[in-house]
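The structure under discussion appears below in the form of structure tokens.
Nothing fancy with the numbering, it's 1 onward along the sequence.
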Amino acid sequence: MAVAFGAYRVSNHSTDHYDAMLSAVNKGCRLIDTSSNYTSGESEKLVAQVLKNAERTPIIVSKVGYVQGDNIDVMQELNSIGQAKEELVKVNDGLWHSIHPDYIRNQVQRSLSRLEVEKIDVYLLHNPEYYFYEENATQDEYYKRIEKALFELEALVSEGLIGSYGISSNNFILSPDDKKVTHIDRVMECAQNVSSNHHLTHIQFPFNMIEIDALESWYDGLSLLNKAKGHDLQVMVNRPLNAFKGEGLVRLANYETTHPLIDESQAQKVFVTAMMLLEKKFKEEEPEESIYNLPLIKQFNDLWNNTSTPDGVDQIYFSHFFPFVARVWGGDLSAKESTPFYDLYDVSLNYARHNMSKMGKDFEEQAIKAGLIEAGDEPLQVRLIEKYLSYQIDYVLVGMKDTRYVDQLEHLF
């Protein structure tokens, strides 16, 4: 039972992300969890950079399922030659999903290339429950698709391209009676149908002190965690510090010691530097135009220092601002070119963290009164993760994008 590195929204263009991941691995972090769609493949590329210089070799977990960004073009190319045409779920124009065997095989090869490894230790189907966006979706059809995907994953094991496989699904934690549940027993039936000596070894789902559904005794008195151990599965949990409560998100952390509120003049300097560079590059192609007249930049000006959650910051930057910067540059930026924009991203995160701190403090007071956690000098997030590790959880995935987080959690590696 240990803390692992959750490589969601980290990039090979960030020196801070590189330093944090390398530090974590060298200090004993045993597992890195990434995915083909995390920052459009930049997360896997960061892992490759770290593996080249690390003193240890962690377990590498990656995933397949999302069809976004460049992978929409990849999917269209596959479709044009008659591959992966069936079972393609189109949520909206920018988000498709597939666990078709053709797409799985294509994506594992691309992940191997980005990771610069010959074999991925653990390969997961990534949120297959997107199937339920289809009209008239049924549980029976859901598991037919999963079983079909598992046959392909088993073949990839036999070919030596992956070591084992599993499923990451937010719907594992739903009630077994829910029509959209990813039912652990039915998943294991699929694996048994594939092979009596199958290599389905891992599952992943959300868990935090507000969303504790995995502890509910829904399976004849047993919890999801009990069932997973009974099936001899390794359990990874995500979102340990990001909890959805009602319509909002609560960040279960405090940052007073690790991230003091940035000086306003310094923050403005970082903002102005990044925007001047962007304007200068933009005018190379559009000398009569200005970025400040663009709706996206007008919205960004209002939000960069006024977003209420770190996830909101990530959404603004990774879904809108960073892609716009890449378009202005005409492609990928070098690490040096990216630095001013990632500096601005860090400033925006600093503001958002402090906006979230009040909620975190309120939760901490309630949790202590309820006896869920002990009062103490350690940051809230550390005490919570220590609590999670007292359950039947093998890996708690934490987004340690800064060496300060690594240092806080080193004793839990």
Side-chain angles (χ1 to χ4, degrees), residues 1-8 24-25 27-35 58-63 121-127 163-176 181-185 187-188 200-219 221-244 250-253 363 367 370-374 376 378-400 405-406 408-413:
M1 297 180 181
V3 166
F5 198 107
Y8 180 52
V25 172
K27 289 182 175 181
C29 182
R30 290 177 276 166
L31 183 145
I32 298 173
D33 175 86
T34 184
S35 179
I59 298 166
I60 302 301
V61 179
S62 195
K63 314 183 195 74
D121 298 308
V122 185
Y123 202 57
L124 307 180
L125 302 181
H126 200 177
N127 293 346
S164 66
Y165 54 87
I167 297 177
S168 175
S169 173
N170 295 338
N171 289 20
F172 271 125
I173 64 174
L174 297 180
S175 163
V181 66
T182 303
H183 196 296
I184 187 170
D185 289 337
V187 165
M188 297 311 296
L200 196 159
T201 57
H202 290 70
I203 62 171
Q204 184 181 139
F205 49 80
F207 184 85
N208 54 66
M209 200 48 69
I210 290 177
E211 298 171 285
I212 58 172
D213 307 80
L215 300 178
E216 296 286 349
S217 301
W218 279 331
Y219 297 89
L222 299 177
S223 69
L224 176 63
L225 289 176
N226 296 148
K227 293 288 287 186
K229 291 295 109 177
H231 287 300
D232 199 25
L233 293 169
Q234 294 269 297
V235 172
M236 297 177 280
V237 298
N238 54 46
R239 289 204 289 104
L241 303 176
N242 286 335
F244 288 103
V250 179
R251 179 69 173 170
L252 308 178
F363 168 80
L372 296 175
I373 58 172
E374 299 289 332
E378 286 187 320
L380 170 63
Q381 55 268 34
V382 175
R383 282 176 284 146
L384 285 174
I385 291 170
E386 288 174 344
K387 178 72 173 181
Y388 302 154
L389 291 173
S390 70
Y391 299 116
Q392 294 171 303
I393 294 168
D394 295 287
Y395 296 100
V396 176
L397 305 176
V398 182
M400 297 174 280
Y405 299 148
V406 174
Q408 277 186 348
L409 298 172
E410 178 184 356
H411 66 290
L412 300 176
F413 293 159

In short, V181 meets P176 closest at the heavy-atom pair CG1-O, 3.7 Å
Which atom pair, heavy atoms only, marks the closest approach of A228 to I203?
CB-CD1, 4.0 Å
Exactly one of S168, S35, S169 should register a side-chain hydrogen bond (donor to acceptor under 3.5 Å, both in side chains) with H126. Which one does?
S35
Mind jotting down which residue pairs meet the salt bridge (charged side-chain N to carboxylate O under 4.0 Å, His left out) criterion with at least one end in residues 378-391? Sequence neighbours excluded, please.
E364-R383
N238 to P206 - nearest heavy-atom pair and separation
OD1-CA, 3.1 Å
State, yes or no, whether a side-chain contact exists between Y395 and V3 at a heavy-atom distance under 4.5 Å.
no
Side-chain contact, heavy-atom cut-off 4.5 Å: N208 with L384?
no
Any heavy-atom pair between the side chains of D213 and L174 that's under 4.5 Å?
no
Atom CG of L224 and atom OG of S217: how far apart are they, to the nearest 0.5 Å?
11.0 Å
Residue pair R239, E211: steps toward the side chain to side chain contact (heavy atoms under 4.5 Å, CB included) verdict:
CA-CA 10 Å; R239 289 204 289 104; E211 298 171 285; 2.7 Å; yes
Nearest heavy atoms of F413 and K27, plus distance in Å:
CD1-O, 3.8 Å
Between L233 and I184, is there a side-chain heavy-atom distance shorter than 4.5 Å?
yes
Report the distance from atom CG of D394 to atom CG of L31, rounding to the nearest 0.5 Å.
10.0 Å
Min side-chain heavy-atom separation L409-V382 under 4.5 Å
yes
Heavy atoms, side chains only, cut-off 4.5 Å: are Q204 and K63 in contact?
yes
Atom pair SG (C29) and CE (M400), whose distance is rounded to the nearest 0.5 Å
4.5 Å
Between the OH atom in Y391 and the CG atom in L389, the distance rounded to the nearest 0.5 Å is 11.0 Å
Using 0.5 Å steps for rounding, measure from the CD1 atom of I173 to the CZ atom of F207.
9.5 Å
Nearest non-hydrogen partners of P58 and V25, listed with the distance:
CD-CG1, 3.9 Å
Less than 4.5 Å apart, any side-chain heavy atom of Y219 and any of N226?
no
Close side-chain approach of M209 and Y388, heavy atoms under 4.5 Å
yes
Rounded to the nearest 0.5 angstrom, the OG1-CD1 distance for T34 and I60 is 8.5 Å
Search all heavy atoms of S175 against all heavy atoms of W218 and return the closest pair with its distance.
N-CZ3, 3.5 Å
